[in-house]
Amino acid sequence: QVQLVESGGGLVQAGGSLRLSCAASKRTSSMFIMGWVRKPPGKEREFVAAISWSGRSTYYADSVKGRFTISRDIAKNTVYLQMNSLKPEDTAVYYCAAEVATVIGIHPGDYNYWGQGTQVTVSS
């Protein structure tokens, strides 16, 4: 069982930046894909970004491409989401998620393990 704990959410003005962190409770194996999924108010969950265990493969939703960067520190069992040029439509609860797979999943349902979520609010 892997437990995931997010941190770094908050309130920021449009155009600002935030960095989210996700710490895993134990060392994740090479089979673990790590991702971020968000749930905007009144909407369904949506995939944001994911990264392979090695960090060599990443995938982003079109809505965040060029603004968000996902990375991971294997030694620290931690995944990061650097969010720049934030927009009000980025407002959501952001969840860290993990899946045991060799191919990056781009659907929230692909992920087996979830954190508790952290709120990101972008004001206009």
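Not measured: the values here are computed from a predicted model.
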Note to self: Rounded at 0.5 Å granularity, tell me how far CZ in Arg38 sits from CG in Leu81.
What the structure shows: 9.5 Å
Next item on the list: May I ask you to decide if Leu11's main-chain N or O and Thr121's side chain share a donor-acceptor pair within less than 3.5 Å?
Entry: no
Check: How close do Ser124 and Ala14 get, heavy atom to heavy atom, and via which atoms?
Finding: CA-CB, 4.3 Å
Note to self: If hydrophobic clusters are built from ILVMFWY residues whose side chains come within less than 4.5 Å, do Val100 and Ile51 share one?
What the structure shows: yes
Check: When rounded to the nearest 0.5 angstrom, what distance separates CG in Leu86 from OG1 in Thr91?
Finding: 8.5 Å
Margin query: Distance check, rounded to the nearest 0.5 Å: Met34 atom CE versus Ile74 atom CD1?
Written below: 11.0 Å
Item checked: Flag if over 12 foreign heavy atoms under 6.0 Å of NZ, Lys65 -> yes
Margin query: How close do Thr118 and Leu20 get, counting heavy atoms only, and between which atoms?
Written below: CG2-CD2, 4.0 Å
Check: Are Ile70 and Leu18 joined in one hydrophobic group, where the rule is that I, L, V, M, F, W and Y side chains link up if heavy atoms are under 4.5 Å apart?
Finding: yes
Next item on the list: Answer whether the closest heavy-atom distance between the side chains of Trp36 and Phe68 falls below 4.5 Å.
Entry: no
Note to self: Checking the side chain of Thr78 only, and the main-chain atoms of Lys76 only, is there a donor and an acceptor separated by less than 3.5 Å?
What the structure shows: yes
Next item on the list: Go through the steps for Tyr95 and Lys39 under the test side-chain contact (heavy atoms from CB on, under 4.5 Å), then give the verdict.
Entry: CA-CA 8 Å; Tyr95 297 91; Lys39 189 179 187 305; 4.2 Å; yes
Next item on the list: Could you give me the CA-CA distance, side-chain angles and deciding distance for Phe32 and Val2, then say whether side-chain contact (heavy atoms from CB on, under 4.5 Å) is met?
Entry: CA-CA 10 Å; Phe32 274 79; Val2 176; 3.6 Å; yes
Next item on the list: Search all heavy atoms of Tyr60 against all heavy atoms of Ala49 and return the closest pair with its distance.
Entry: CD2-CB, 3.6 Å
Note to self: Same cluster or not: Tyr80 versus Trp53, using hydrophobic residues (I, L, V, M, F, W, Y) connected whenever any side-chain heavy atoms lie under 4.5 Å apart?
What the structure shows: no
Notebook entry, point to check: Can you tell me how far CG of Asn112 sits from CD of Glu99, rounded to the nearest 0.5 angstrom?
Noted result: 6.5 Å
Margin query: Between Tyr111 (side chain only) and Gly105 (backbone N and O only), is there a donor and an acceptor less than 3.5 Å apart?
Written below: yes
Notebook entry, point to check: Should we say atom CD of Gln119 is surrounded by more than 12 heavy atoms from elsewhere, each under 6.0 Å from it?
Noted result: yes
Margin query: Nearest 0.5 Å, please: how far is OG in Ser52 from CZ in Arg72?
Written below: 7.0 Å
Checklist line | Among Gln82, Lys87, Met83, the one residue meeting side chain to side chain contact (heavy atoms under 4.5 Å, CB included) with Arg67 | finding: Lys87
Margin query: Could you check whether any side-chain N or O of Glu6 sits under 3.5 Å from a backbone N or O of Gly117, counting only pairs where one atom can act as donor and the other as acceptor?
Written below: yes
Notebook entry, point to check: Quick check: does any side chain N or O of Arg19 sit under 3.5 Å from a backbone N or O of Gly9, one acting as donor and the other as acceptor?
Noted result: no
Margin query: Would you compute the distance between atom CG of Leu4 and atom OH of Tyr113 and round it to the nearest 0.5 angstrom?
Written below: 9.5 Å
Checklist line | Minimum heavy-atom distance Ile106-Asp110, with the two atoms named | finding: N-OD2, 3.3 Å
Notebook entry, point to check: Just wondering, do Ser17 and Val12 contact through their side chains at under 4.5 Å, heavy atoms?
Noted result: no
Check: Any side-chain heavy atom of Tyr59 sitting closer than 4.5 Å to one from Phe47?
Finding: yes
